[in-house]
Amino acid sequence: MSIDLMKALHENQIRTLTERVRLSLNEDVKKLGFSMPNMIVNAAVSNNINIMIRNGGRDEDDSMNMKKERGVGFVVGDSFFREESRTGRDLGVLAAALHKKRFGKLRVLDAMCGCGVRALRYLVEANADFVWVNDANEHTRPTILSNLSQIRQQEDYEDHENNNMGRRKWVISHCDANRVMVERYLQSDYYDLIDVDSFGSDSFFMGSALSAIQYGGLLYLTSTDGVSSGGHRPHTALASYGAFIRPMPYANEIGLRMLIGGAVREAATRDMDVWPVFSYFARHGPVFRVMLRVRRGKPKENKYL
């Protein structure tokens, strides 16, 4: 391709993008009911064109990284986010919505929220009454706040001493996940669903998560420990989950059973009975996710123990 032809194609692309942005901008301005001087319009168009060229023609800003999932818009910013984990989020929201429909209430604790998309979807799609949103990385706060600000707070107050959040829809904290869950337990602040989307072994968080769960509530656990489930570190699996795993051709199923079994044993030490609602495996990671319902009393005929 000649240089002249490449230049012509580039100029044509710029003209197309310019016209697209100009039409979109004028449309937005008309909705507001006033007009803008051409100089301001041209400056705005130029700025948007620069952004779109950097993004290969996509009308989005790299600095915020706009996304949309199941109709819910959010920004990712610099936080960790995997589009491939969408199915796991879908299943969590579905279980939460069914719980709300059955029991009439839904209080959620998202222990490792990342950019806050799970918490936002629990509020929007599952109609959660309240979500405690936590992430240890305090630098993610602007991103989380930007996403959750779509949900209007009904009353702007909170009383931690008396464990009274009024009618607030969400609260953001930046602490270690275990600390948040133990503090909720010490305040007798129990949750209908606790989502722990951790990296590596989830056994480190099981005890504190079980402490903060409401009887009859749902516990959504995660493991990305594909090495242990594959039988390559049997002593690590034994220490974390109480299961000595050897290499087997069905390692994915073993990984799910290992996670469920570890949760059942941990719950039994607390006079709790845990039953699986569903399990899910995804190759990216790999990721093992299990949804468990927690009940009062030691397991008597629990086949998963």
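Keep in mind the model is a prediction, meaning the values are calculated, not measured.
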Between [X] and [Y] (salt bridge meaning N to carboxylate O under 4.0 Å), is one present in this structure?
| X | Y | value |
| --- | --- | --- |
| D197 | R89 | no |
| E125 | R70 | no |
| R295 | D273 | no |
| K67 | E83 | yes |

Return the [atom1] to [atom2] distance between [X] and [Y], rounded to the nearest 0.5 Å.
| X | Y | atom1 | atom2 | result |
| --- | --- | --- | --- | --- |
| L106 | Y122 | CG | OH | 8.5 Å |
| I172 | L145 | CD1 | CG | 5.0 Å |
| C115 | N147 | SG | CG | 5.5 Å |
| S279 | L221 | OG | CG | 12.0 Å |
| R184 | S208 | CZ | OG | 13.0 Å |

* **R289 and S85 side chains, donor-acceptor separation under 3.5 Å** => no
* Does the pair M206 and R265 meet the rule for a side-chain contact (heavy atoms from CB on, under 4.5 Å), with working shown? -> CA-CA 10 Å; M206 284 183 185; R265 279 183 283 272; over 6 Å; no
Look at atom [atom1] of [X] and say whether more than 12 heavy atoms of other residues, nucleotides or ligands are closer to it than 6.0 Å.
| X | atom1 | answer |
| --- | --- | --- |
| R82 | CZ | yes |
| K105 | NZ | yes |
| Y280 | OH | yes |

* Asked: Taking the six-membered ring of F130, is NZ or CZ of R168 closer than 6.0 Å to its centre and within 45° of its axis?
  ->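 Here R168 fails the 6.0 Å and 45° test against F130.
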* Asked: Should the ring pair F281 and F288 be called parallel, tilted or perpendicular, given that the plane angle runs from 0 to 90° and is split at 30 and 60?
  ->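 Because their plane-to-plane angle lies in the 30° to 60° range, the rings of F281 and F288 count as tilted.
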* To do: Spell out, yes or no, whether F103 and Y220 are grouped together once hydrophobic residues are joined by side-chain heavy atoms under 4.5 Å, including indirect joins.
  =>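 Unlinked, F103 and Y220 end up in two clusters.
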* To do: Check whether V287 and V290 end up in the same hydrophobic cluster, where Ile, Leu, Val, Met, Phe, Trp and Tyr are linked by side-chain heavy atoms less than 4.5 Å apart.
  =>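 As far as the 4.5 Å side-chain criterion goes, V290 and V287 are not connected within one cluster.
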